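Given the structure is predicted, the values throughout are model-derived calculations rather than measurements. Chain identifiers are assigned alphabetically (A, B, ...) following the order of the sequence lines, protein sequences preceding nucleic acid strands; residue numbering begins at 1 within each chain.
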2 protein chains.
Amino acid sequence: MGSDAAMSPKITVELLRQLRQAMRNTKYIAEPIQAYIVPSGDAHQSENLAPCDCRREFICGFNGSAGTAIVTEKHAAMWTDGRYFLQASQQMDNNWTLMKMGLKETLSQEDWLISVLPENSTVGVDPWIIAADQWKNMSKALAGAGHSLVAVQDNLIDAIWMDRPTRPSTQLLTLGLGFTGLTWQDKMTALRSKMAERKISWFVATALDEIAWLFNLRGSDIEYDPVFFAYAIVGMNTIRLFLDIKRLAVPTVREHLQLDTPSKAELSVQTAPYESVFTELQAVCASLGPKEKVWISDKASCALTQVIPKAHRTLIPYTPLCLAKAVKNATEIQGMKMAHIKDAVALCELFAWLEKEIPKGTVTEISAADKAEELRSQQKDFVGLSFPSISSVGPNGAIIHYKPLPETNRTLSLNEIYLLDSGAQYIDGTTDVTRTMHFGSPSAYEKETFTYVLKGHIAVSAAIFPNGTKGHLLDSFARQALWESGLDYLHGTGHGVGCFLNVHEGPCGISYKTFADEPLEAGMIVSDEPGYYEDGLFGIRIENVVLVVPAKPKYNYRNKGSLTFEPLTLVPIQAKMVNTDLLTQKERDWVNEYHRQCRETIGAELDRQGRKEALDWLIRETQPIA
Amino acid sequence: MGSDAAMSPKITVELLRQLRQAMRNTKYIAEPIQAYIVPSGDAHQSENLAPCDCRREFICGFNGSAGTAIVTEKHAAMWTDGRYFLQASQQMDNNWTLMKMGLKETLSQEDWLISVLPENSTVGVDPWIIAADQWKNMSKALAGAGHSLVAVQDNLIDAIWMDRPTRPSTQLLTLGLGFTGLTWQDKMTALRSKMAERKISWFVATALDEIAWLFNLRGSDIEYDPVFFAYAIVGMNTIRLFLDIKRLAVPTVREHLQLDTPSKAELSVQTAPYESVFTELQAVCASLGPKEKVWISDKASCALTQVIPKAHRTLIPYTPLCLAKAVKNATEIQGMKMAHIKDAVALCELFAWLEKEIPKGTVTEISAADKAEELRSQQKDFVGLSFPSISSVGPNGAIIHYKPLPETNRTLSLNEIYLLDSGAQYIDGTTDVTRTMHFGSPSAYEKETFTYVLKGHIAVSAAIFPNGTKGHLLDSFARQALWESGLDYLHGTGHGVGCFLNVHEGPCGISYKTFADEPLEAGMIVSDEPGYYEDGLFGIRIENVVLVVPAKPKYNYRNKGSLTFEPLTLVPIQAKMVNTDLLTQKERDWVNEYHRQCRETIGAELDRQGRKEALDWLIRETQPIA
């Protein structure tokens, strides 16, 4: 993500000179350091970054979502993965070496440092933007080779970044019970009962979406993510919220947090400046009893994690907030359904409009994405997009993380497949949907591969599985039809989706990568998005957001209960792209039942909104297939 | 596994008194220890144990395959998993507390020790039978609570075990090229090239099956596993083999290892007593250059692992021998096929015999298993069983690791399902097959669930998947049909199978447990064994051993190539148990093609061996289903 950038390299000679000077400047460090690591993240390990946190992009020019830069006295190298090899090579000048992760010959950051550093070197990093476990691994590897890793408190990129944007402090939005289903006080009580259950005295919240969820507040500090910069420390009788204090001047926010009239002492929120979290956590830790434990995410920053003495520190892969947030309550589910209905209305309009406009040859990837945004923005409680639209024609569709730029912008036509992966934030919910369409006559091969992808999509969506099943066990269902024909796709099948929160959230997902995903539960919401990509020709992806719901199969083994998915996304899947001979009767039934729901639910809303052309399009596109 | 035991508890009062005395005896330890851990394993982390290594069974009476005993001054506790709760509670007297692993309320060994030990306690364990990583975790947890873990060199169980059997030293069998496909010298050269590739100077082999495979030798030191007690240390110019030197008196063994006339210096095998591995490894490590590295499995014993200084130690989850052994060469594949043909001949005979005998009411679980063994033993190059036969009738079939004992022995009848999971060691290969049969009229429910299991078996066996796919990604295919009806089974779907080696081997498998399995490759051999178990009524399992082979689907995505499975097991699947209405046409075709292969291949061999009745049975049982 990050900001737009033309695909010409950034000139970094002068910046590197300045950074190397800073690496020797006793204003920042007691002794010169021989290397400086610039990680990708912010202090909250956010997936998307505010402009002030795009330090790696600033120093090397590469603005992809993943990458780590390391600068030594003589070298500058940047590690990124296969999605970004081309982009990084275009955005970085020849002062930089691109380190292609995943290739056998590519050294790890540790091994590279060891290979280029003089003996007994010191490597610096900002402890606020490196996670505690990454620090530990790097520190260990360097120590094994006689070097040392040190925390540099002043960020050296910030020191040389003259026009660095300030940290955003956007207006906070308070969410009432009608949107959240639970007051923040209810959530606090639930959190504390989890803490009591595990004998935990304090919990440190560092992930921005968890803090936003806990307090029923939203912001817009980071593009696409409705979050705000903050930390929280919760004890059994104490709540401390760290954020830009100016934000609390707004009466609705003061009232929402009951800052002036707390109902009960243990629900009284003490607010403090964002930066003071460090000293406040130190104070909390100084007063800990011998057996008291503090919960913190294992993805939290090294700086904050190390404040907590080891004997008192309990690292957790998923915090209780992350787990609670993932299981949507009835109000949130209702909101997500409403958001998806509005989103489907906008997309039906878009596709009806595209059908008319494409033959004129005037619609491009960018203008189609803009039109989609315009149509969504007409819907109630629209806030913004949930991620940059992937609007791609023909060969651009095969670039999985494609984002149209003026120099790559293709015109939509009757001859090429169009793939649109887009979504929005509404106050009642977050959407993410991909449809792949052909506005002329698709080839037999395009239809064949589309149909395999559809079979995979259905296999996941219609799967019935026992309570307690982890999402990664469903991933192969999405690939089975492709595999049978020797095909595959090189990404996961689904991710958790927030409710008016981040479009990517943990702890569940559907992926062949066996990261530690948590078992699926009724109320969780994930995407189901298999694809197929033919390099240089086209890309296909069919994505619905789906809700985990109880299933009632014939039997109930050991009273465990079963689960399945209910699609929240209700946008027709283009029948023209389907080779129905390749579908089983069950699959045809699924498509027809899905389209019946689209027609019924979205048709009613289109009718209510008086959007006649889109309604006609919807009715035509949802005719039963044979 | 272990030895048979009646289901009455072992009286352990006196033994525990003696062990507690030993825990204070300065003959074994400088200072008294407050707790002693008795792990399950031997010094090679073998799955099955020689009688002299059944120390946990000796001290507590429980003889299941998994369990750890811990004795303190006042308490004695034994941890095991759900498979063994009943058995352990029957085999242990009330001096012991059964710790049921997997239940929420059950403390871990560490937490239990911390809860019962006086302050500053010392906990002892034999470093030879605890793996290095287990030692590390236990040691850390105890240290965190002010206790310490110490290595007790003399095993305290051995000290009180008066009639402890001696370590077996069976006659070694040398395998020629006709069985192995590669000389041990070839294997040594391949190992060294892997070592050179990763800049490794020495490799320490500790797993018994890896050593047997490397040297093309077999033994019978452990029941069911054709292995022998040994270690090996391999350098670029040195081969050291540690074993009972008396075994080398046999001329064929001396010649096989070229002990008297080595062809080249670097292929000269230096032999030394089994026990001397420790001092020899110390000597090797004392002479290491500053950058030299030693490879050892992360499952090796703590004692041996800690001989290697940390800076020189490279722990690996799967050794190059484990990986090379898993991919069978053409000769091994041919041998495995031959072994499975012979095994199928014996089973066809068995089932034809059962059909005749069961109505007489004289066949029991034990006598059926004995008959199967007798019939197998008539086949060429039969060595023994590959595991204790699971011969189970009706409700006993629902006990997944059932082994018939006189007091549980049921009679086969026309009214109950019979499940037989059995296999053998032949010099050319190892077998493992499960068939579930009804000799009367199965109920609709029995047929329905059998058919779901069959659908799962076929889904895995017929799956096509990309090269590089890990086995755990196929596990859900085996469950899909069961899940759809709300059913499941609580075990993995498949394990690696050795070639005249252990019937369970790494590094590949098919399981929902995402242990670090290695990608499937052509030449690997695994089992495919979904099941369904109805507690108190019946058990169903359909197991074939299958070979990973290249597949040739329509397309070839990114030239990655595809794989599928070829069944090596060729024993009819009882058509009477199948509800053909629940099968797709593809599945019916699979069954008919499988039965055609059984008829053709096993029919020819039955004919050659003149086993007429079994041939008639085979022909009848392999008629196409409609």
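Within the 4.5 angstrom heavy-atom criterion, atoms from both the backbone and the side chain of B:Phe477 approach chain A. A:Gln585 does not touch chain B: none of its heavy atoms, backbone or side chain, sits under 4.5 Å away. Looking at A:Asn556, only its backbone comes within 4.5 Å of chain B, counting heavy atoms on both sides. Heavy-atom distances place the side chain of A:Thr469, and not its backbone, under 4.5 Å from chain B. Of the atoms belonging to A:Lys291, not a single heavy atom falls under 4.5 Å from chain B.
Top candidate by heavy-atom pairs under 4.5 Å with chain A, chosen from B:Lys552, B:Arg558, B:Gln480, is B:Gln480. For the set A:Leu487, A:Thr584, A:Asp488, the entry with the most heavy-atom pairs within less than 4.5 Å of chain B is A:Asp488. Listed options A:Leu490, A:Thr564, A:Leu474 were ranked by heavy-atom pairs under 4.5 angstrom with chain B; first place goes to A:Leu490.
Taking the ring centroids of B:Tyr555 and A:Tyr452, they lie at or beyond the 6.0 Å cut-off.
Nearest approach of B:Tyr533 to A:Tyr557, heavy atoms of both residues: O-CE1, 3.8 Å.
Classified by interplanar angle (parallel below 30°, tilted 30° to 60°, perpendicular above 60°), the ring pair B:His472/A:His472 is perpendicular.
Here the options are A:Ser562, A:Pro466, A:Pro553, the test is side chain to side chain contact (heavy atoms under 4.5 Å, CB included), and the partner is B:Trp483; only A:Pro466 passes.
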